[in-house]
Each structure stands twice: as structure tokens, then as C-alpha cells.
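Here's the structure, in C-alpha cells; my notes come after.
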2 protein chains.
Amino acid sequence: MSRKRMTKQRQAILQALNDKNCHPTADEIYFEVRKKIPNISLGTIYRNLNVLLEMNKIREIYNSPKYARYDANPKPHYHFQCQKCDRVCDVHLPYQRDLDKLIADNELFDVHHHTVVFFGLCEECQKKSKD
Amino acid sequence: MSRKRMTKQRQAILQALNDKNCHPTADEIYFEVRKKIPNISLGTIYRNLNVLLEMNKIREIYNSPKYARYDANPKPHYHFQCQKCDRVCDVHLPYQRDLDKLIADNELFDVHHHTVVFFGLCEECQKKSKD
DNA sequence: TTAATTGCAAAGGCTTTGCTATTCG
DNA sequence: CGAATAGCAAAGCCTTTGCAATTAA
């Protein structure tokens, strides 16, 4: 990893992210930062977000897969995703319905359901990393 | 919603999804189904997956946002996403570290962490829907 | 000075869509 | 027969990347 600078663009992006209480998309950050740096480009936004991720200054929400995955079981249940091979499997932990109620009671949201995804290494990738 | 048919293509896609124990991407389904219907097109795969979603025969994993969202807080915590306006906010429920251990003890996965996302209506969208 | 970074524009990669021909019911 | 669906290809949309000019350290 190369030595990182703190450019005014990178500074402004981090600032914009800190000012938002909800979690913006790259595009929303772009519009926010353009108030201060009108000619900043969207490419710069994306590049800086990726640098800030590398530096562990920010997080990407969900670490979700870059493209859709489908499940033939429509009942709510939890998943595991391997961080190495991206495989997604079911997890045998019953759906915790009381969590929805807990949130609904403590926040102003009207909660319908929730999803849980565990991340780590699947059996096969654990074996491979021992080689 | 229009009256749905059960074409051999739709049938084969559903079959392929049921046969996989892990959760495939559209592309993986495409390659699987082509063994039976060699000239099926990727557009048909996507269109049918969307129809099957509408019919509640299958689920899309995560219901995650279509594009990345960023978070200035790198510590693990849970999120709420509004199903109407897509806004993503923090939820004040402490990270349940014991869940990771529970899964690691009961499955063959090496679990590092997990994410939780609650879905429902945010305060503003609840108000709007009363109008 | 010089390696990192920016802007711009083009390219990538997954997903959707328009159109015509087919096919299920 | 008529509406829904398939195939094909083009378009869309978010994100990444190549390149020459600029800038932080």
C-alpha cells in the first residue's frame, strides 16, 4: 500500500460522510461535496471512498455481494457468505422475531423484518488456506 | 399483475434454484439451465427471476440496496433500511458478539462477524402514508 | 522533486428493456 | 385466438480505469 496524502477532496468526502447521520451513496456524497468543490469528479469520489475503505476510516454497508443472489426458500432465514469465494449458504439459526419487536419498541421505525448475514471462511476455503 | 404461465424456461429456472443448496447468481443459474435449454437467453433468466420474486416463489438475498452506501463509523453496528425511500440509518442495538460464536460452534464455517439489517418504514414515510 | 492524486472520458459488468416471433392456456 | 413470454441485441446504470496534468509532502 502506498503512502496516502490528505487532499482537500479526500478531506471533503470524509467530512460529508461524517456530517450525514444516515448513510449516503457515492452519488449523494458527490452532490454534497460539489457544494465546496464544484468541479470534483465522480471518479474522484469513488477512488477516495475505496482508499478510505482500505484505510479503515469508513465502512461499506453490508459488504453485500456486487450482484444479486437468489434463494428458493421464501421463508425468512439467515445466511453465511464466504469472504474468499463469495459462496452464500443457509445458517441453521431460527429467525429471531423478537428482534423486530425490540427495535420497533425502541426506535421510531415501523419494522417489518430483518436479515442477518455472517461473514467468514467456508469449510473449503479454510482447507485451502492451510495448504 | 397479469396471469402467469409456467413455461419450460420458468420451470427449469425454478428447478435449478431448488437443486442448488447454496444460493446462485443469475449467471450461475444461466449456466445451469443451459444444460437443458441451450439457447435460453440471459434476459429470460433475469425476467423470470423477477417474475418469481413477484410471485413470492423465491427471494433475493439481502434485499440489499442496488448500489453501495458508506458509513463513517467503522465499528460494527446494525442498520435499518426504509423500504420506501431506501434511506439507511443506524440502529441502537449493541453488536451481539455471541451470535458469531454460536454459529461457529454449530456450523463448519469460520465466522468473523455478521451484519443485521432491519427493513420497514422510516418515521417520515410512515407519516406520508397516512396522508 | 516525485509519487500520489485529480478530471475527464471511455470502458466494464450486471441488469433491464424494446421489438418481433413464439407459445401456453 | 390472445395475452404472456422468449430470444436477441441494444441500452441503462453504477463503478472502475487509463491518461495527461496537477498537487501534496
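Lettering of chains follows the sequences in order, A, B, ..., and the numbering in each one begins at 1. Basis for what follows: all heavy atoms, side chains included, without hydrogens, waters or symmetry-related copies.
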Open item on the list: Judged by each residue's nearest nucleotide on DNA chain D, which is more toward the 5′ side, B:Y70 or B:Q9?
Closed with: B:Q9

- [ ] Using atom CD1 of B:I45 as one end and atom P of C:dT16 as the other, report the distance to the nearest whole Å.
- [x] 13 Å

Task: Base of D:dG7 paired with side chain of B:R47 (donor-acceptor, under 3.5 Å) - done: yes

Task: Separation of atom CD1 in A:I29 from atom P in D:dC14, rounded to whole Å - done: 14 Å

Task: Spacing of B:N48 atom CG relative to D:dA4 atom P, expressed in whole Å - done: 15 Å

Task: Side chain B:R5 and base D:dA3 donor-acceptor under 3.5 Å - done: yes

- [ ] Check each of A:H114, A:H112, A:H113 against B:F119 using the ring pair (Phe, Tyr, Trp, His ring centres under 6.0 Å) test, and report the only one that passes.
- [x] A:H113

Open item on the list: Nearest whole Å is fine: how far is D:dA6 P from B:N50 CG?
Closed with: 12 Å

Task: side-chain N/O B:S41 vs D:dA6 OP1/OP2, d < 4.0 Å - done: no

TODO: Specify the separation, in whole Å, of atom OH of B:Y67 and atom C1' of D:dT16.
DONE: 18 Å

Open item on the list: Let me spell it out: for each of A:V51 and B:G43, pick the nucleotide of DNA chain C with the closest heavy atom. Which residue's pick is nearer the 5' end?
Closed with: A:V51

Task: Within one Ile-Leu-Val-Met-Phe-Trp-Tyr cluster: A:V117 and B:L108, side-chain cutoff 4.5 Å - done: no

Open item on the list: What is the distance, to the nearest angstrom, from the CZ atom on B:F31 to the C1' atom on C:dC14?
Closed with: 13 Å

Open item on the list: Could you work out, with ring-ring contact (aromatic ring centres under 6.0 Å, His included) as the rule, every residue matching A:Y30, not counting sequence neighbours?
Closed with: none

Task: Candidates C:dT6, D:dT5, D:dA6 - which lies nearest the side chain of B:R10 - done: D:dT5

Task: Residues that A:K84 engages under salt bridge (Lys or Arg N to Asp or Glu O under 4.0 Å), provided they are two or more places apart - done: none

Task: Whole-Å distance separating the CE atom of A:M6 from the C1' atom of C:dT6 - done: 15 Å

Open item on the list: For A:H23 and B:R87: C-alpha separation, side-chain torsions, deciding distance, then whether side-chain contact (heavy atoms from CB on, under 4.5 Å) applies.
Closed with: CA-CA 7 Å; A:H23 305 309; B:R87 181 192 321 240; over 6 Å; no

Open item on the list: Using heavy-atom distances to pick each residue's nearest nucleotide on DNA chain C, tell me which of B:T7 and A:I40 is more 5'.
Closed with: A:I40

Open item on the list: Regarding B:D27, tell me which of base, sugar-phosphate or nothing describes its non-hydrogen contacts under 4.0 Å with the strands shown.
Closed with: nothing

Task: Gap between atoms CD1 and C1', on A:I13 and C:dT6 respectively (whole Å) - done: 11 Å

